[in-house]
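Computed from a predicted structure; not experimentally measured.
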Amino acid sequence: MPFIVPLCVTAGVLFPGVFGPIETVVPFLFAFMTFQGSLNNTFRQLAETVRHPLPLLVILGVTLVFMPVVAFGMASILFAGDTQIITGVLLEYSVPIGIVSFMWVGMFSGNTALGLSAILVSTVLSPFSIPFTLSVLMGATIQMDTIGMMVNMVFMIALPALAGMAVNDLSRGWGHEKLSPVIDPLCKVLLVVIITANSTELSEYVLNMTWERAGVALFILLFASTGFLWGMIAARLLNQPFSTLVTMGFDCGLRNISSGAVIATQYFPGEAVFPVMCGTIFQQLLAAIFGRIMTRLTERERAAEVKLVRRGWASAKGHGPSSRA
């Protein structure tokens, strides 16, 4: 992915006329990928996340409070006087957790139940949290399409996720063990298609680059990297297992750029759109890079867990009916 993602972004930016039409089917592709990722979940795992909400609360605290405040402070210093750029940067880090984070969490064996919960809660809160954040820090007042956001969330996340978990539970694990591995390669291909299609929105800005935009892009790149780091650090401070570390890293690092772009276009025309759209370039590339980093950081822990599982299997076999006979 660290090599494929830049190629996808480049193709989307250079050939928007070719890949742009694919955007119309992106919600359906997302829904299918959410279904596949949820095949690895059960309703019991989802309930467990609710019973132990600390990681979820930390993710929400980082994404809804900490990062917007820090982004606003740094942008106010670096781009003093340019209200549109500052607004765009703040909006970029006020939008909810990106739906695509669920795909990355599943791809790198994270805690998908926690990832699903974080996406749902942050999206539900966003019609209230985004206007509140902009009002407090910028003095801006906006009205959001709450119903539209909820419908998108239900279609792309909630219903496919519930369907995937239901299939897995009703089939007694067949969905996870058999069906999910079969359609997993297709989902990886669909992720590439989605990244390419979404990148077409940035074509106009990249092909008409200015020094100011280049500076904003560099800031977004560096600050976006810290989101993954804050999630990983928080997971380690909480002594969470590798699966939760992966989820917290991706959830704190990936934002719903589409909703941010819509809000910026409707209420803050001009350069305010550019910082938001910059996330399209960097988010997926950073996700691929930090996915590799998290895999290496937790390599020993993963190996130890595999050994523990194998010992459990061996112990179970050793105490089976044949051994007692």
For this session: Check the pair Asp251 / Thr63 against side chain to side chain contact (heavy atoms under 4.5 Å, CB included), numbers first and verdict last.
Result: CA-CA 8 Å; Asp251 281 2; Thr63 56; 5.8 Å; no
Exercise. Short question: side chain of Thr226, backbone of Leu222 - any donor-acceptor pair under 3.5 Å?
Worked result: no
Exercise. Is the shortest heavy-atom distance from the side chain of Leu207 to the side chain of Leu14 under 4.5 Å?
Worked result: yes
For this session: Could you check if a side-chain atom of Ile289 sits within less than 4.5 angstrom of a side-chain atom of Leu285, using non-hydrogen atoms only?
Result: yes
For this session: Write down the atom of Phe282, the atom of Ala217, and the distance for their closest heavy-atom approach.
Result: CE1-O, 3.2 Å
For this session: Kindly give the heavy-atom pair with the smallest separation between Ala224 and Leu286, and that separation in Å.
Result: CB-CD1, 3.6 Å
For this session: Could you please spell out the steps behind the side chain to side chain contact (heavy atoms under 4.5 Å, CB included) verdict for Gln36 and Leu186?
Result: CA-CA 10 Å; Gln36 187 272 334; Leu186 174 60; over 6 Å; no
Seminar exercise, completed: Of all heavy-atom pairs linking Cys252 and Gly231, the shortest is SG-CA, 3.8 Å
For this session: Work out which heavy atom in Ile86 is nearest to a heavy atom in Ala75; give both atom names and the distance.
Result: CG1-O, 3.8 Å
Seminar exercise, completed: CZ (Phe274) and CD1 (Ile220) are apart, to the nearest 0.5 Å, by 8.5 Å
For this session: Look at the side chain of Thr247 and the backbone N and O of Asn111, then say whether any donor-acceptor pair between them is shorter than 3.5 Å.
Result: yes
For this session: Could you check Phe66 against Val58 for side chain to side chain contact (heavy atoms under 4.5 Å, CB included), going step by step and ending with a plain yes or no?
Result: CA-CA 10 Å; Phe66 178 73; Val58 171; over 6 Å; no
Exercise. Side chains of Thr196 and Ile22: closer than 4.5 Å at any heavy-atom pair?
Worked result: no
Exercise. Is there side-chain contact between Glu212 and Asp82, with at least one heavy-atom pair below 4.5 Å?
Worked result: yes
For this session: Apply side chain to side chain contact (heavy atoms under 4.5 Å, CB included) to Met74 and Val89, showing your working.
Result: CA-CA 10 Å; Met74 295 186 68; Val89 171; over 6 Å; no
Exercise. Any donor-acceptor pair under 3.5 Å linking the side chain of Arg255 with the backbone of Gln283?
Worked result: no
For this session: Answer whether the closest heavy-atom distance between the side chains of Tyr93 and Val70 falls below 4.5 Å.
Result: no
Exercise. Is Arg236 reaching over with its side chain to a backbone N or O of Leu245, donor-acceptor style, under 3.5 angstrom?
Worked result: no
For this session: May I ask you to decide if the ring planes of Phe32 and Phe35 are parallel, tilted or perpendicular, using 30° and 60° as cut-offs?
Result: tilted
Problem set entry | Met294 vs Phe242 side-chain heavy atoms within contact, under 4.5 Å | no
Problem set entry | Test item: Pro241 and Thr244 side chains (from C-beta on) under 4.5 Å apart, heavy atoms | yes
Exercise. To the nearest 0.5 Å, how far apart are CH2 in Trp174 and CG in Leu179?
Worked result: 4.5 Å
Exercise. Which heavy atom of Ser94 sits nearest a heavy atom of Ile130, and at what distance?
Worked result: O-CG1, 3.3 Å
